[in-house]
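Structure first, then comments.
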Amino acid sequence: MAMRRTFRWGWLGLALVIVLLVVVSPLRGLTSRALITVAWPVITVGRWLGDRLQLSPTSRQLTAERDQLQRQLTDVTARLYETNQQLEASQALDALAAFTQATKRRIIFANVIATSPDPGIQSIIINRGSDDGLQLGQAVVSDRGSMAGKLVSVHQTFSTVLLLTDRQLVTTGRIQNPSQSPGVVRGERGLTLQMGFIPKTDDVKTGQTVVTTGSEPLIPPDLLIGTVSSVSLRAGDLFQQAILLPAAALRRLRVVGIVIG
């Protein structure tokens, strides 16, 4: 299309020159070489005008193509994210199934369908409820079988899980050291866990693991809670305190298990 328009403008310029040669008498005596010399700039100008006139629709077309490519890129990105989410959920299910088989526990699988929008509340909502046999206080585990939280609200088809990192959640733990040191675990600012009431004389070190004690009715023993990150004992304190790193990746939960037996 651009070549045709340029071609037309070139011929239009030539036609203008011929008309000038015929109408204006002083130009009638020019030779063919002079005619070409006079006509060529006009033809060149005609081609230049043709190119400029073609620029506007080309610019609009490029803008439209750019917008279309951006829409396609957005669509591909969304599909890639959805595929990645499905892949993570599938991998989590496989890991949870392996944990169930290895421990011989009775576990109900559930999908995480929402998280709390309030940063001060560490909780998730799952798509299982009383119709599935869930009860208040049951332990919720991550795909690797680590303790993730407890059921604090159970409805017919969905339930709310309070995560370990929420300060309102309290559970009992046991450090896997020679003394099997007991303590009370609760959330700490939504990031870590704090374990208190650890006997003062027990040898507690960083890197030691902490598991559930089984002293709570619906929380089975030996579910992994986390690892000791630091230990503190101030002068005059009757107990030690430890900061724990949770074993479960609580910010990336896609699939969880509810331990029912």
Side-chain angles (χ1 to χ4, degrees), residues 92 95-96 99 103 105 107 112 115-126 135-154 159-254 256-259:
L96 195 53
F99 169 77
T103 59
R105 298 188 186 277
I107 294 178
V112 177
T115 59
S116 172
D118 186 347
I121 301 176
Q122 305 293 310
S123 67
I124 57 175
I125 297 177
I126 59 175
Q135 302 177 44
L136 287 176
Q138 286 177 326
V140 177
V141 297
S142 70
D143 57 345
R144 302 294 179 181
S146 304
M147 180 79 171
K150 295 180 185 179
L151 292 178
V152 295
S153 175
V154 178
S159 301
T160 301
V161 180
L162 197 62
L163 300 176
L164 279 177
T165 47
D166 191 284
R167 191 161 179 79
Q168 298 301 313
L169 190 143
V170 179
T171 190
T172 56
R174 172 173 53 83
I175 301 175
Q176 292 185 310
N177 60 7
S179 303
Q180 295 295 295
S181 305
V184 176
V185 179
R186 68 188 312 162
E188 178 70 12
R189 299 185 180 89
L191 298 173
T192 57
L193 308 173
Q194 185 182 75
M195 186 173 182
F197 301 102
I198 305 169
K200 184 177 180 179
T201 57
D202 289 357
D203 186 18
V204 181
K205 298 179 180 179
T206 59
Q208 291 175 338
T209 56
V210 179
V211 297
T212 55
T213 62
S215 60
E216 298 173 79
L218 299 178
I219 308 295
D222 300 323
L223 293 177
L224 181 60
I225 294 177
T227 57
V228 176
S229 174
S230 64
V231 184
S232 63
L233 177 62
R234 295 175 298 183
D237 285 350
L238 299 177
F239 299 94
Q240 299 182 75
Q241 287 191 344
I243 299 299
L244 313 180
L245 295 178
L250 300 178
R251 293 181 179 274
R252 300 188 60 183
L253 294 174
R254 300 287 181 269
V256 296
I258 302 89
V259 183

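Numbering of residues begins at 1 and proceeds along the displayed sequence. Quick note: numbers below take in every heavy atom, side chains included, and nothing from hydrogens, waters or symmetry partners.
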To the nearest 0.5 Å, tell me how far [X] [atom1] sits from [Y] [atom2].
X	Y	atom1	atom2	result
Q138	S159	CD	OG	8.5 Å
L233	L238	CG	CG	9.5 Å
R251	T115	CZ	OG1	10.0 Å
T209	L244	OG1	CG	10.5 Å
T171	L164	OG1	CG	7.5 Å
L151	I258	CG	CD1	6.0 Å

Q: Please step through side-chain contact (heavy atoms from CB on, under 4.5 Å) for the pair V256 and V141, ending with a clear verdict.
A: CA-CA 6 Å; V256 296; V141 297; over 6 Å; no

Q | Criterion salt bridge (charged side-chain N to carboxylate O under 4.0 Å, His left out) on D202 and K200, from CA distance to verdict | A | CA-CA 6 Å; D202 289 357; K200 184 177 180 179; over 6 Å; no

[X] side-chain N/O to [Y] backbone N/O, donor-acceptor pair under 3.5 Å:
X	Y	answer
S142	A148	no
T213	S215	yes
R167	E188	no
K150	V170	yes
Q194	G187	no
S116	D118	yes

Q: Show your reasoning for whether side-chain contact (heavy atoms from CB on, under 4.5 Å) applies to R174 and T212.
A: CA-CA 6 Å; R174 172 173 53 83; T212 55; over 6 Å; no

Q) Going through the checks in order, is the side-chain contact (heavy atoms from CB on, under 4.5 Å) test met by I198 and V204? A) CA-CA 9 Å; I198 305 169; V204 181; 3.8 Å; yes

Closest contact, heavy atoms only, [X] versus [Y]:
X	Y	answer
I225	T172	CD1-O, 4.1 Å
P221	R105	O-NH2, 3.1 Å
G120	D166	O-OD2, 3.9 Å
D222	V211	CA-CB, 3.8 Å
P182	P199	O-CD, 3.5 Å
G257	I107	CA-CG2, 3.5 Å

Does any part of the side chain of [Y], heavy atoms only, come nearer than 4.5 Å to the side chain of [X], both counted from C-beta?
X	Y	result
M147	I219	yes
I243	V228	no
T206	S229	no
I125	V161	no
I175	Q180	no
R254	V112	no
R186	L169	no
T160	L162	no

Q) Which salt bridge (Lys or Arg N to Asp or Glu O under 4.0 Å) pairs, counting each pair once, include a residue from residues 190-199, with sequence neighbours left out? A)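 For residues 190-199, and leaving out neighbouring residues, there are no salt bridge (Lys or Arg N to Asp or Glu O under 4.0 Å) pairs at all.
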
(Q) Listing request: all salt bridge (Lys or Arg N to Asp or Glu O under 4.0 Å) pairs with a residue in residues 235-244, at least two apart in sequence or in separate chains. (A)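 Residue pairs with at least one partner in residues 235-244: R234-D237.
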
Q: Please step through side-chain contact (heavy atoms from CB on, under 4.5 Å) for the pair V210 and T227, ending with a clear verdict.
A: CA-CA 6 Å; V210 179; T227 57; over 6 Å; no

